[in-house]
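In what follows, every chain begins at residue 1, and chains take the letters A, B, ... in the order their sequences are listed. Here the structure is a predicted model, which means the values were calculated and not measured.
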2 protein chains.
Amino acid sequence: MLVQNQGKNTEALGKVLLKEKGLKQTQLRIELIKHFNSAMHAQSYTDLKQAMVKDVDKSTLYRNLATFEEVGLIHSINDHSGVTKYAKGASPNSGQSHAHFVCDSCETVYCMKGKSELKYEVPQGFTPRNVQTIIRGNCAHCESSR
Amino acid sequence: MLVQNQGKNTEALGKVLLKEKGLKQTQLRIELIKHFNSAMHAQSYTDLKQAMVKDVDKSTLYRNLATFEEVGLIHSINDHSGVTKYAKGASPNSGQSHAHFVCDSCETVYCMKGKSELKYEVPQGFTPRNVQTIIRGNCAHCESSR
DNA sequence: TTTTATAATGCAACTTAGTTGCATTTGCAA
DNA sequence: TTGCAAATGCAACTAAGTTGCATTATAAAA
């Protein structure tokens, strides 16, 4: 159920994606895309920084994350930890529901596949545009090690 | 539909609440409770700081917010702005659903009353404990002034 | 293949939210 | 009224994220 994609040639795939989006193919970007494709859960700045083979500058990494989000390659998630996390795929828009699971124990954020149905009511005059859902609890790993 | 409570004697009410929770009745705390009771939407640190009659120290305010949250007088909300916001009432727990409306235009956060029903599935091994929902769109004020 | 314009990077300095340690003050119960 | 724990105020700090600018690399044109 988790986002997962360990394709053989994710490097070539990354290059194609970058071209499609009109972005230059830099080493960092290709590596980032590859990493997002194989990541089992949402990645913080620190996760990403550590995952990159070469030492990356903070602003370069943040700027790429912003760019990737703009073009819809990734989306960002704000859980209760105060640290933004990023995962592959565009942000949910126009009524789409997108659920994230945040582990209370290890703080890991997982993207949930499959739409979660939601019924809600908003007060008069309010115009809802999209809905984000955060499910908190224990992830499979932390649950099994209790 | 919004949280709202402009009772006449919220000061006395605040004192009772503090006593109940075993907290000392300081001027700041009483004023904070009063403010949370009359607030139409979730309050950031800055909102609160400005709303207090006397100049409050940053750490004192943050510490009181943490204490209030611990005892269930308020709950905190993390939207996409990176700034934590606080509103009256305990955090949602054990399966309860609690929806917040975040205005895309003015970034104001409103607490939605009334349970929003949610159907979701989590992967094998995951144990959900509570669900938070953030609805994004335009609030009544921003919608009417477009 | 070389040139060139533009986009991306790296660095340093900055901003803003939130935290921590510690000395001083205040609420409240004995 | 006195004593003590809890609350406050201050200063210094941390950590996330941003910005300006000079340098470098990508990719398209010559």
- Message: Between C1' on D:dG17 and NZ on A:Lys85, what's the gap in Å once rounded to a whole number?
- Response: 16 Å
- A:Phe68/A:Tyr86 aromatic ring centres below 6.0 Å: no
- Task: Take the protein atom CD1 of A:Ile33 and the nucleotide atom P of C:dA8, then report the distance between them rounded to whole Å.
- Result: 12 Å
- Do A:Asn64 and A:Thr67 meet the criterion of a side-chain donor-acceptor pair at a distance under 3.5 Å? no
- May I ask you to check whether B:His100 and B:His75 show a side-chain donor-acceptor distance below 3.5 Å? yes
- Query: In whole angstrom, what separates B:Tyr45's OH from C:dT15's C1'?
  - Reply: 15 Å
- Message: Atom NZ of residue position A:Lys19 - does it have more than 12 heavy atoms of other residues, nucleotides or ligands inside 6.0 Å?
- Response: no
- Would you mind building the protein contact string for nucleotides 4-15 of chain D? One character per nucleotide, 5' to 3', B for base within reach (heavy atoms under 4.0 Å), S for sugar-phosphate only, - for untouched. -BSSBBB-----
- Message: A:Arg136: which residues meet the salt bridge (charged side-chain N to carboxylate O under 4.0 Å, His left out) condition with it, sequence neighbours left out?
- Response: A:Asp104, A:Glu107
- Message: Without decimals, in angstroms, what is the distance between A:Lys49 NZ and D:dA16 C1'?
- Response: 13 Å
- Query: B:Asn78 CG to D:dG17 P: how many Å, rounded?
  - Reply: 12 Å
- Note on the structure: Here the distance between atom C1' of C:dA7 and atom CD1 of A:Ile30, to the nearest Å, is 15 Å
- So does A:Tyr62 get a side-chain nitrogen or oxygen closer than 4.0 Å to the phosphate oxygens (OP1/OP2) of D:dT18? no
- Query: With a 4.5 Å limit on heavy-atom distance, are the side chains of B:Lys54 and B:Glu31 in contact?
  - Reply: no
